[in-house]
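Each remark here refers to the structure printed beneath this line.
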Amino acid sequence: MTENITIFIADDDEDDKQLFIDSAREVNERIHFVTASDGQEALRLLKEEQNVRPDYIFLDLRMPRFSGKQCLEEIRKDKRLHDIPVFIYTTSTDERDSAELRQLGAVHFISKPADSGDVYYILSVVLETKWDLSYET
Amino acid sequence: MDTATPEDLLSEIDGLKLRLSEAQEALDAIKTGSVDAFAIRKDGKPEVFTLQSLDYAYRILIEKFSEGALNLTLDGLIIYNNGYFSKLIDTPNEKVTGSYIFDLISRDCREKFQEQFALALHGCSKTETILSVNNKEIPVYVSLTSLQPQLATVGMIVTDLSEKKQNEHLIINYRNHLQIQNKIFNLAEEIADIGSYQRNLETGELTYSDNLFRMLGCQPQEFVPSMEKYLGFVDPDDKDRLRQPVSEAPDKTAPFQLTYRIVTKDGKIKHFRNTERAIDERGRKMTIGTIQDVTSHVAHTETLRNKNIELENLNKSLDQFAAIASHDLQEPLRKIRTFTSLLKQRLKEAPPNGNTELLDKIKGSSERMSLLIRDVLHFSRVLHMEDMFVEIDLNQVLNNTLKDFDLLILEKNASVSIDNLPVIEAIPLQINQLFNNLFANALKFTKKGIPASLRVSSRILQPEETGNEFNSRFNLNRALCYSEIRFADNGIGFEQQFAEQIFSIFERLNNREQYSGTGIGLALCQKIVEHHQGAIRAEGRVNEGAVFYVLLPLTQAAQINQIKRKNITV
Amino acid sequence: MKLNIKNMVCLRCKMLVKEELSKLGLHYTSVDLGEAEVLEIPSTAQLDQLRVALLKSGLELMDDKKTVLIQKIKNVIVELIHYSEEPLVINLSGFLSNQLNCDYTYLSKVFSDVQGFTIERFFITNKIERVKELLIYGELNLTEIAYRMHYSSVAHLSTQFKKVTGFTPSHFKRLKEKRVPITENR
């Protein structure tokens, strides 16, 4: 894990965002993060051509203005962004949400764990996996 | 030879006597009818005369008559009666002849018959009477004719009325039966709230059942039924719908059915379901129809539909509420767990200083949790409240709100201008809440550095405005008069595209770091106005401000009597 | 038989479980936070009684289906890590989802609800256990172990190893070679 990678994360909860960043750094200390606090800001940052194209996109579901679902739909429609793996990182533990969002193109659906330690383990597995974008579950 | 001896003359007399007695006998025979023919020597040739060709035919006629025929003396003695008569009274012919006709008449009718007989002596008479023979009563119709001067007798023709009488009985029975049936039918119509009618297509004649009149608020048969008269009862909006099918019905073989509104004579609005069909009754072309009063049915359907919509909406909002609530309520709890585990971790690694930040976070989370629970309770209470609607002066409510926020108003250097607000029928506690929430928002989302300015005004909505582009989606009650209260501020505003989203529960346009709050305030406002049969909408402009329009009816009306402009489709 | 019990957070809970099991005449071989192992196979009546008793203290006896599912998840992971000669599969969620024919989010939820930690943690701690084993056997060097256990680099393996165990791999190896006496506390 020595390459420079960029992770984009959109989440309105600052605590969750910080925990995510801290845990991800434990997996790979050289990750560069781009963050957004609501759906509108997320799409704006992602769509700006001059910005770095992230290697991974993490989206919370319930965000102000535009939801994670709406962002996902926009990302999938965007020619420049649609082959970036998108992960939903949310408080929801509903497998119906999981199925729906993976249907819409999310590569993985992660329920935020209560135990902070678990964030590291989840990200370990996620970031070590070669995600195949032709997911047809 | 002229010389005839006395002996010659005597034998001639004998011969003549014989011939005379023969002739007499013949005549007698003819008289009594025992001779049918006689022969005469005329010019040496015998000639036969048959009495048949004279009155035999008539005698056979009378004998074989299917009516009774009698010949009576002027005293009423039967000197002749035909076969039919004897059969009718079931008495052999010989016994009948020679008895008095009056003896054969039933005692109750004798006097009348005697009168008629007396009349007949001078001409003729006809009467109904009853024969009473062998304990059998036979109703008959008799025709008496005097045969004078040709004969000193009275001819009597007797027609058996037994069958007719039987038929008459049947008819009376049928008529009674029919009367009862009609009574039952009328009663049934009344009970079932049905009226019926028939229309003769050739004569145009229209007949209404009694109950149809009653259904129209009139007395049975109060007026002469006609199409025009009927249309007079029909609601103007529905008249055209009725005219066309009615004129078509006779040509169609299928029955037509239509439901429409009518107004009765005494001003009641009813819904009639009209079914009509053309029938061909023995060559007479007519239409028959029923009209059923479905007013309560319609009202029930309407109520049911409304209740269903209410239920659906309730379920939808409950589902939404439950889904979102479970997410949002989980958040603080999850954080508590997360930070507790982090704290455990940190305490393992490092000395206990610098961990106050974590403890603060934990504290903050539990506080947010209790705020959320409080707000959620508030919210659910509005759904269940059975509070009374009373007349409240909105100006007073506004004053109370200003008092509640006086400190904050001072802090924000805010100026509030208020116009006169109306008096409305509402639940005081809820309206208080509504105003408080709107004020709280206006004072929270202020622009930095600029004194906040708030303006509250109101106006009465014109009836046609309840269906305009802004308000049509609220499906307001057209029968009520609405007041539109405007809350305008000069704060940070919002993009108009989010104008509806902000009323969803827990939906925020900013994250917690930027502005505090549970995201329940506007959702609560919406619930409150809906409970009052009103509505709320917002208009925003980024960095300029926002306007909240609150529509509240001046008075509340019971749901059932709503006159909503809807087409009833059955 | 193994019993999964939810909401066990402390020593008191363990004691409570031990007490209730004994009351029912069940002999336990171990009681941990989240599960208890009993010698007997309890009857339905015993399970019901146990469920009711535990509920009074806020503990939940997991029903059979979930217990079975969690057991399956664990079996698949253990099988994958400890007994497969192939390099580790690279998509854990997809793999589990397919193997158990179940949405991963659901598997995740059930697992963490009962166990109190995530599948991923279980996976990684097991991976590290395997690494420990391989270190002790001494047949493979660290680079080979890193490859076999699908770590992108030795550095990554070391970092994770340290995070999970508290030691670096080399430190651990040296510890093990010191022949620690058998009377160590488990």
Side-chain angles (χ1 to χ4, degrees), chain A residues 1-5 19-20 22-31 55 61 85 87-104 106-137, chain C residues 7 9 33-34 69 77 80-81 87-128 131 146-147 149-164 166:
Chain A
M1 279 272 172
T2 48
E3 331 92 69
N4 277 332
I5 58 170
L19 187 59
F20 178 92
D22 291 340
S23 303
R25 288 228 168 90
E26 281 187 58
V27 177
N28 180 348
E29 58 209 5
R30 295 173 68 159
I31 302 177
D55 298 288
L61 268 188
F87 300 82
I88 300 297
Y89 185 64
T90 177
T91 49
S92 167
T93 51
D94 193 340
E95 67 265 26
R96 286 171 296 182
D97 282 343
S98 161
E100 187 194 355
L101 285 147
R102 280 183 300 115
Q103 196 72 0
L104 287 172
V107 159
H108 198 39
F109 183 95
I110 304 165
S111 305
K112 291 182 190 173
D115 193 307
S116 59
D118 278 323
V119 183
Y120 166 80
Y121 291 105
I122 293 171
L123 287 176
S124 281
V125 174
V126 165
L127 295 176
E128 285 168 28
T129 304
K130 263 212 189 57
W131 294 99
D132 180 7
L133 283 160
S134 61
Y135 30 76
E136 225 71 26
T137 337
Chain C
N7 301 337
V9 292
L33 293 180
L69 190 63
I77 291 175
L80 191 62
I81 294 171
L88 231 42
V89 78
I90 51 178
N91 183 344
L92 180 67
S93 54
F95 181 74
L96 279 174
S97 198
N98 273 330
Q99 285 286 299
L100 301 171
N101 199 20
C102 193
D103 183 290
Y104 186 70
T105 304
Y106 178 71
L107 292 174
S108 218
K109 184 163 61 171
V110 171
F111 192 93
S112 53
D113 268 357
V114 176
Q115 299 290 141
F117 50 84
T118 58
I119 294 179
E120 288 85 355
R121 182 185 230 148
F122 182 79
F123 178 68
I124 286 179
T125 41
N126 265 277
K127 247 171 64 162
I128 297 296
V131 169
Y147 176 76
M149 299 312 292
H150 191 68
Y151 286 96
S152 57
S153 65
V154 174
H156 187 218
L157 165 56
S158 304
T159 318
Q160 191 166 86
F161 194 93
K162 175 139 199 243
K163 185 169 166 73
V164 176

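Letters go in sequence order (proteins before strands), and every chain restarts at 1. No experiment lies behind these values; they were computed from the predicted model shown.
Between C/Lys109 and A/Asp94, no side-chain nitrogen of the basic residue sits less than 4.0 Å from a carboxylate oxygen of the acidic one, so the salt-bridge criterion is not met.
The distance from atom CG of A/Asp115 to atom OG of C/Ser112, rounded to the nearest 0.5 Å, is 10.5 Å. For the atom pair OG1 (C/Thr105) and NE2 (A/His108), the distance works out to 7.5 Å, reported to the nearest 0.5 Å. One finds the OG atom of A/Ser124 at 8.0 Å from the NZ atom of C/Lys127 (value rounded to the nearest 0.5 Å). Separating the CG atom in C/Asp103 from the CG atom in A/Asp97 is a distance of 10.5 Å, to the nearest 0.5 Å. Remark: C/Glu120 CD to A/Ile110 CD1 distance equals 7.5 Å, nearest 0.5 Å. C/Thr118 OG1 to A/Tyr121 OH: the interatomic distance, rounded to the nearest 0.5 Å, is 8.5 Å.
If you measure heavy-atom distances from A/Thr93 to chain C, the contacts under 4.5 Å come from both the backbone and the side chain. Neither the backbone nor the side chain of C/Ser108 comes within less than 4.5 Å of any heavy atom of chain A.
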Q | Worked check of side-chain contact (heavy atoms from CB on, under 4.5 Å) between A/Glu128 and C/His156 | A | CA-CA 10 Å; A/Glu128 285 168 28; C/His156 187 218; 2.5 Å; yes
Q.
Is there a side-chain contact (heavy atoms from CB on, under 4.5 Å) between C/Arg121 and A/Tyr120? Walk through the geometry before answering.
A. CA-CA 8 Å; C/Arg121 182 185 230 148; A/Tyr120 166 80; over 6 Å; no
Q: Carefully, step by step, assess A/Val125 and C/Ile124 under the rule side-chain contact (heavy atoms from CB on, under 4.5 Å).
A: CA-CA 8 Å; A/Val125 174; C/Ile124 286 179; 3.8 Å; yes
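In this structure, C/Tyr106 places its OH atom where only 12 or fewer heavy-atom neighbours from other residues, nucleotides or ligands lie under 6.0 Å away.
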